[in-house]
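Working notes for the structure below.
So you know, we letter chains A, B, ... as the sequences are listed, proteins then strands, and number each from 1.
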2 protein chains.
Amino acid sequence: MRSAPPVDDLTAKARIRDAAIRRFAVDGMGASIRAIAADAGVSPALVMHHFGSRAGLREACDAYVHAQIREHKTAAMRADPSATALLVQLAQLEDYAPLVGYTIRALQAGGEGARRFVEQAVADAVAYLAEGEAAGTVRPSRDPEARARWMAESALGALLLQAPALEEHMDLAELPRWLRAYAMRVLLPALELYTEPLLTDASMLDAFLRARDAYEDPGPEERGP
Amino acid sequence: MRSAPPVDDLTAKARIRDAAIRRFAVDGMGASIRAIAADAGVSPALVMHHFGSRAGLREACDAYVHAQIREHKTAAMRADPSATALLVQLAQLEDYAPLVGYTIRALQAGGEGARRFVEQAVADAVAYLAEGEAAGTVRPSRDPEARARWMAESALGALLLQAPALEEHMDLAELPRWLRAYAMRVLLPALELYTEPLLTDASMLDAFLRARDAYEDPGPEERGP
DNA sequence: TAGGATGCTGAACGTGCGTTCAGCCCCGCC
DNA sequence: GGCGGGGCTGAACGCACGTTCAGCATCCTA
């Protein structure tokens, strides 16, 4: 039962890494090394042997997931960069459920792993919006970077906030269906908001701009050192 | 040092509850009962005596924080319901930092505690937007409930996503300053987005509506049971 | 003044965790 | 054919945790 051929199918190190990604996705980032080792069919000691420590395993998973997502994303964009292809993408991510689940758990856990992923998403949003602006489909902004950041952070954040509806135990088989349902629920209000202005006039925006200027540039007599 | 007068200032049970709220805010919902007891100047056993278990303590904190926030919020709204008063509010929440920190941690931890808070925020948003629509400052929506939900969830989610920049250890003294800075950073793109449409035409919205109709209402010949 | 309730504690128990370590097995090389 | 080394394990260590429990003060009541 143990040892077996040097490769069962995958090398043991890879099996541990894959099991860890699944377990982290299902149970959250607090999943125990013992559970991961059991899933991979190895002893906890072997996990330490290959990855040094729990932190080392996390780093290896982070790096692998990042690489996989980047690869899949560029491939998908090359195939069909249209925005409506998004729904098709969502329907097809059965195979990538562990990656998506892991990413959600990483965002939930915070720290450096979450920060890196968010910054990547923001950078993508900046590029998308700049493209749209150049093509004339997106309006220019007073601060394109801030707008892109707000859109990326609110979209990711709303997903993260809703994801714990999947509660402590996350069902990877259900995740693609859940994501598609979530998208259907959210796309109407989001697109509506992005197409027809919420507010009927600019009075709130103007008021904020005035307040901000007053805050950042108070009268000269009250200006401190 | 122990026993002392029946009330030191606060009853021991209240001191434990307050210490727990602070510790949960600072260290996250995984904070240990031993640490909470030490902060409150009591033994871990007393925590169990008063709250029965860790879960009981969490419930007591949740109930107290909910009540406090609701009370403070209605008081503030009674004083000045204008939207620009929001910035003033943010500057004045030094005293409420533990409550805000606890709420962020509760959202981060997920589960029932998070769900309840989100639903409350959604309900508030529905009411606000309905008021605005009645007053003519907010445009009507195809689905007002969904729009309010999206706005509330994305705003809360973006905050939650950015909050782990405060990393594992959350500094309650710094939190009000941080929140104000966050608001200043986010209000411009958000208000801009709500005032001037992002997209220059309705083609994406129309495409989504068509795609949704086709998905939900396929041709009669392919309709299943 | 007796007696019981209440507030509270110190010490301990059991559990699950990450991690360590001595050593086994088996493969490829000399 | 011996042997060194990498892959791998079982057992254990140390720790932190939530929780339990017997018992000590203190106070209210009768």
salt_bridge(B:D62, B:R58) N-O dist < 4.0 Å: yes

Closest listed nucleotide, where the reference is the side chain of B:R34 and the choices are D:dG18, C:dT19, C:dC8: D:dG18

Whole-Å distance separating the NE2 atom of A:H50 from the C1' atom of D:dG7: 6 Å

B:A25 backbone acceptor or donor facing B:R105 side chain under 3.5 Å: yes

B:I33 CD1 - D:dT19 C1' separation (whole Å): 8 Å

Dump every N/O contact between nucleotides 20-23 of chain C and the protein below 3.5 Å, one line per pair.
none

A:R23 CZ - C:dG18 P separation (whole Å): 12 Å

Nearest-Å distance for atom pair CG/C1', residues B:L57 and D:dT19: 14 Å

A:L46 side-chain proximity, nearest of D:dT19, C:dG7, D:dC8: D:dC8

Spacing of A:R54 atom CZ relative to C:dC17 atom P, expressed in whole Å: 10 Å

Ionic contact status for B:R116 with B:E119, cut-off 4.0 Å: no

Whole-Å gap separating P (D:dG18) and CZ (B:F51): 15 Å

Steps toward side chain to side chain contact (heavy atoms under 4.5 Å, CB included) verdict (B:M184, A:F208): CA-CA 9 Å; B:M184 292 305 273; A:F208 169 75; 4.3 Å; yes

Residues forming a side-chain contact (heavy atoms from CB on, under 4.5 Å) with A:A45, sequence neighbours excluded: A:S43

Nucleotide nearest B:S32 (side chain, heavy atoms from C-beta), chosen from C:dC8, D:dG18, D:dT9: D:dG18

Distance-only side-chain donor-acceptor flag, B:Y64 / B:D18, under 3.5 Å: no

Rounded distance (Å) that lies between atom P of D:dC17 and atom CD1 of B:I36: 11 Å

Other residues, nucleotides, ligands: >12 heavy atoms within 6.0 Å of B:R70 CZ: no

Rounded distance (Å) that lies between atom P of D:dC17 and atom CG of B:D27: 10 Å

